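Inspection log for the structure reproduced underneath, given as structure tokens.
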There are 2 protein chains.
Amino acid sequence: MAVVTLKDVAKVAGVSYATISRALSGSPEIGESTRKRVIKICEEMGYTPNAVARSMVMKRTNIIGLIVTSIDNPFMSEMTAHLEIYARQCGYNLMVCNSSYDPALEKEVFSLLVGRKVDGIIMIPVGSESYDALKTQTAQVPTVFIGENMMDLPENFVSVDNTAGMQQATEYLYSLGHRNILYLGARDNSMTHKLRADGYYNACKKLRIEPNVLRNSSARSSVQVGYELAKAHFEQPFSETAILCAADTLAIGVIQAAYEKGIRIPEDLSLMGFDNITFSALPPISLTTVNQPKLELAVSALDMLLNRIKRPETPHTKTILSPSLVIRNSCRAIGNN
Amino acid sequence: MAVVTLKDVAKVAGVSYATISRALSGSPEIGESTRKRVIKICEEMGYTPNAVARSMVMKRTNIIGLIVTSIDNPFMSEMTAHLEIYARQCGYNLMVCNSSYDPALEKEVFSLLVGRKVDGIIMIPVGSESYDALKTQTAQVPTVFIGENMMDLPENFVSVDNTAGMQQATEYLYSLGHRNILYLGARDNSMTHKLRADGYYNACKKLRIEPNVLRNSSARSSVQVGYELAKAHFEQPFSETAILCAADTLAIGVIQAAYEKGIRIPEDLSLMGFDNITFSALPPISLTTVNQPKLELAVSALDMLLNRIKRPETPHTKTILSPSLVIRNSCRAIGNN
DNA sequence: TAAGTATATGAAAACGTTTGCGTAAGATTT
DNA sequence: AAATCTTACGCAAACGTTTTCATATACTTA
């Protein structure tokens with residue numbers, strides 16, 4: 001358990017500990033022979049630099065904070081996996097925190113990470129109100145938001161074009177003959193969901209069909225919420241031929257409720273989601289949905305953050321990636337009279 | 001961006017910075033009036049202690065390293081969520097790394113975390129060989145393994161009783177009338193999977209039925225692997241009436257392959273998994289499986305680790321939790337002649 | 001009132017690095 | 001051979017805390 005430090009190595013090698021440091025960091029101002037000798041001794045003694053001490057003097061931790069609403073959400077865990085791997089390749093480690101969809105907690109963990117002196121923070125915010133709440137804090141450390149569109153705000157973010165994606169989805173259902181499409185899961189506390197609903201409204205207007213929206217009053221879009229919304233909806237007779245969900249998780253909840261009611265998908269009802277989480281692809285689910293390019297989102301976010309860490313003065317940047325339709329088996333064409 | 005330090009506060013408050021530190025840490029040897037005054041000034045100036053500097057002197061980071069094979073695996077992401085939340089309540093943050101099922105990478109990230117001076121490490125190892133490879137490293141920092149049974153090794157771990165669980169699963173299928181049960185996904189590089197297979201063998205012996213095992217030569221148990229194994233198996237005529245999988249993810253892959261072949265579950269084939277990941281519960285999947293108590297695993301692991309951090313001298317401890325059968329709709333009773 | 005005891009505060013060391021600056025020795029130039 | 005330049009290394013400061021030890025002040029007590 002006795003940890004070997006620079007001083008220990010220096011004593012053995014018979015040089016000052018500055019020399020050791022230089023040998024290891026590949027500094028040019030050191031003799032080739034001593035470098036080799038020192039490195040050998042370091043290996044023999046099992047010396048590993050103390051990252052904490054290094055951070056102290058270098059004023060840089062090489063740690064990136066990641067705040068997600070909930071890591072056990074397939075969309076976020078996929079993204080986290082991408083982020084962690086790429087970050088490590090760039091020499092950074094990830095400190096991960098759940099905000100648990102709680103704005104107060106989100107603020108708290110943000111402060112925690114600031115106190116930890118992380119070099120930057122990537123966050124998937126609880127909702128659009130997060131920005132105001134964190135205004136003073138994001139000034140203290142480079143921050144990049146993922147998912148939440150902040151086009152009008154002086155913030156860095158990367159997201160998918162939610163409006164275009166949902167509009168495309170609506171048009172796809174229309175092209176299959178659907179005229180009575182229920183939009184399920186609109187939320188007000190999230191710009192993402194506002195924009196997605198916009199896409200639906202835009203399409204309705206363009207296609208001259210009547211919008212029909214079932215709102216989600218909860219703060220999150222989970223399987224459970226989708227189940228409950230759909231269950232309540234299915235209690236009454238309904239005339240929609242398709243349901244378009246604000247998120248795949250919601251759609252999976254709808255499948256559950258439909259299953260219990262004996263409503264077959266896609267025979268009796270067409271269903272679409274948004275996000276393209278891994279499990280949507282499984283044949284028993286086989287959800288037609290809109291893909292969010294998770295790897296590209298992760299890479300863009302990290303690149304953006306790293307860039308900001310290097311040059312904090314650069315103006316805020318915004319990246320919007322294109323979503324794409326993923327056609328599977330949860331929708332069917334119907335005759336439109 | 002100018003960060004305010006103890007010295008800055010001290011200057012404003014007109015006291016030494018030792019006093020500030022004491023006021024904030026709740027030390028008793030300080031006047032009540034100065035404490036209040038100092039705290040007020042700290043708040044006004046927006047002072048937050050530098051955790052790196054604190055770690056330096058306290059020789060403790062309050063960071064726990066978590067190494068998982070892959071964070072985007074529902075079992076691990078659920079566990080990670082539990083761990084992060086509980087750890088934070090205990091005053092720790094989580095540094096998360098993927099080993100990507102690669103023993104070499106696993107070793108590398110372990111060293112990385114040691115260099116970061118994390119207070120302890122929780123890891124879900126790639127396989128049983130991880131122990132040997134990391135022997136020297138686990139001596140450097142308190143480590144707790146999750147999932148992998150190391151009953152014979154001088155290590156700390158918490159796991160579920162894999163053998164009992166799989167035996168129970170086999171007996172359940174037997175009780176439904178199944179006599180020809182394929183065990184799919186046995187692996188050699190993981191003690192967990194060895195023990196699960198043992199459970200199957202034990203039950204076969206006890207019930208006097210012929211064991212029938214399809215091995216998994218890959219290093220991981222993913223949906224993809226399950227799909228491929230089952231697909232190959234379904235190419236030939238087969239006589240099994242049930243398939244028992246070493247993991248839920250494998251079973252989901254089997255569902256996919258069965259679906260493509262027009263094999264209905266449970267009508268044509270009964271199917272069981274192990275782990276009880278969230279998605280197994282969804283009606284279209286509705287997998288009968290064996291539950292691993294993820295919250296309890298997480299809590300036990302962290303308690304064990306925290307205990308070891310406090311008292312590194314304590315002997316290694318091992319906790320084995322009980323799995324439980326979760327009966328859903330992927331199995332049916334058949335007449336046994 | 002003198003001596004002793006609490007109590008509140010300050011000074012300074014320590015944690016393990018990186019790095020700017022100084023310098024001795026060796027190499028190069030004239 | 002003297003002067004200059006390079007090279008290789010050591011010294012010591014700095015990073016921002018916590019904490020031990022010393023000390024000054026105020027408060028008891030005889």
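In what follows, chains are A, B, ... by sequence order, proteins preceding strands, each numbered from 1. Computed from a predicted model, the values in this text were never measured in an experiment.
The residue B:S21 sits close to a base: some heavy atom pair falls under 4.0 Å. Counting any heavy atom pair closer than 4.0 Å across all strands shown, A:S27 reaches no nucleic acid atom. Residue-level contact check: A:T34 touches the backbone only, with heavy atoms under 4.0 Å from sugar-phosphate atoms and none from bases. Among the protein residues, A:V15 comes within range of the sugar-phosphate backbone only, with heavy atoms under 4.0 Å from sugar or phosphate atoms but none that close to a base.
Residues A:S16 and B:R22 both approach DNA chain D. Their nearest nucleotides, taken by heavy-atom distance, put A:S16 toward the 5′ side. Comparing B:R35 and A:L6 by the nucleotide of DNA chain C that holds the closest heavy atom to each, the one mapping nearer the 5' end is B:R35.
The local environment of NZ in A:K107 is sparse, with at most 12 non-hydrogen atoms from other residues, nucleotides or ligands closer than 6.0 Å. No more than 12 heavy-atom neighbours from other residues, nucleotides or ligands sit within 6.0 angstrom of CE on B:M151.
Residue B:N50 contributes atom CG, which lies 13 Å from atom C1' of D:dT18 at whole-angstrom precision. Between B:R60 atom CZ and D:dT17 atom C1' there is a gap of 13 Å when expressed in whole angstrom units. We find that NZ of A:K7 is positioned 13 Å from P of D:dA12, with the value rounded to whole Å. For B:I20 and C:dA11, the CD1 to C1' distance is 15 Å, given to the nearest whole Å. When rounded to the nearest whole Å, the span between CE of A:M58 and P of D:dA14 equals 18 Å. Counting to the nearest Å, the P atom of D:dG10 and the NZ atom of A:K11 are 15 Å from each other. Distance, B:M45 CE to D:dG16 C1': 14 Å, rounded to whole Å. In this structure, A:M56 places its CE atom 7 Å from P of D:dT17, rounding to the nearest Å.
The A:A18 side chain lies nearest to D:dC11 when the options are D:dT18, D:dC11, C:dT9. Each of D:dG16, C:dT18, C:dG10 was ranked by its minimum atom distance to the side chain of A:Y17; first place goes to C:dT18. Here the side chain of A:V57 is nearest to one of C:dT9, D:dT17, D:dC15, namely D:dC15. Ranking D:dT17, D:dG10, D:dC15 by closeness to the B:A53 side chain, first place goes to D:dT17.
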Legend entry - Working for salt bridge (Lys or Arg N to Asp or Glu O under 4.0 Å), residues A:D132 and A:K135: CA-CA 5 Å; A:D132 265 347; A:K135 213 181 232 178; 3.7 Å; yes

Inset, instruction - Begin with the C-alpha distance, continue with both residues' side-chain angles, and end with the deciding distance and a verdict on side chain to side chain donor-acceptor pair (under 3.5 Å) for A:D119 and A:T61. - result: CA-CA 6 Å; A:D119 293 345; A:T61 53; 3.2 Å; yes

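Note on B:T5: every side-chain N or O is 4.0 Å or more away from OP1 and OP2 of D:dC15. Taking side-chain N and O atoms only, A:K59 has no distance below 4.0 Å to OP1 or OP2 of D:dA14.
B:E155 places none of its side-chain heavy atoms less than 4.5 Å from the side chain of B:E148.
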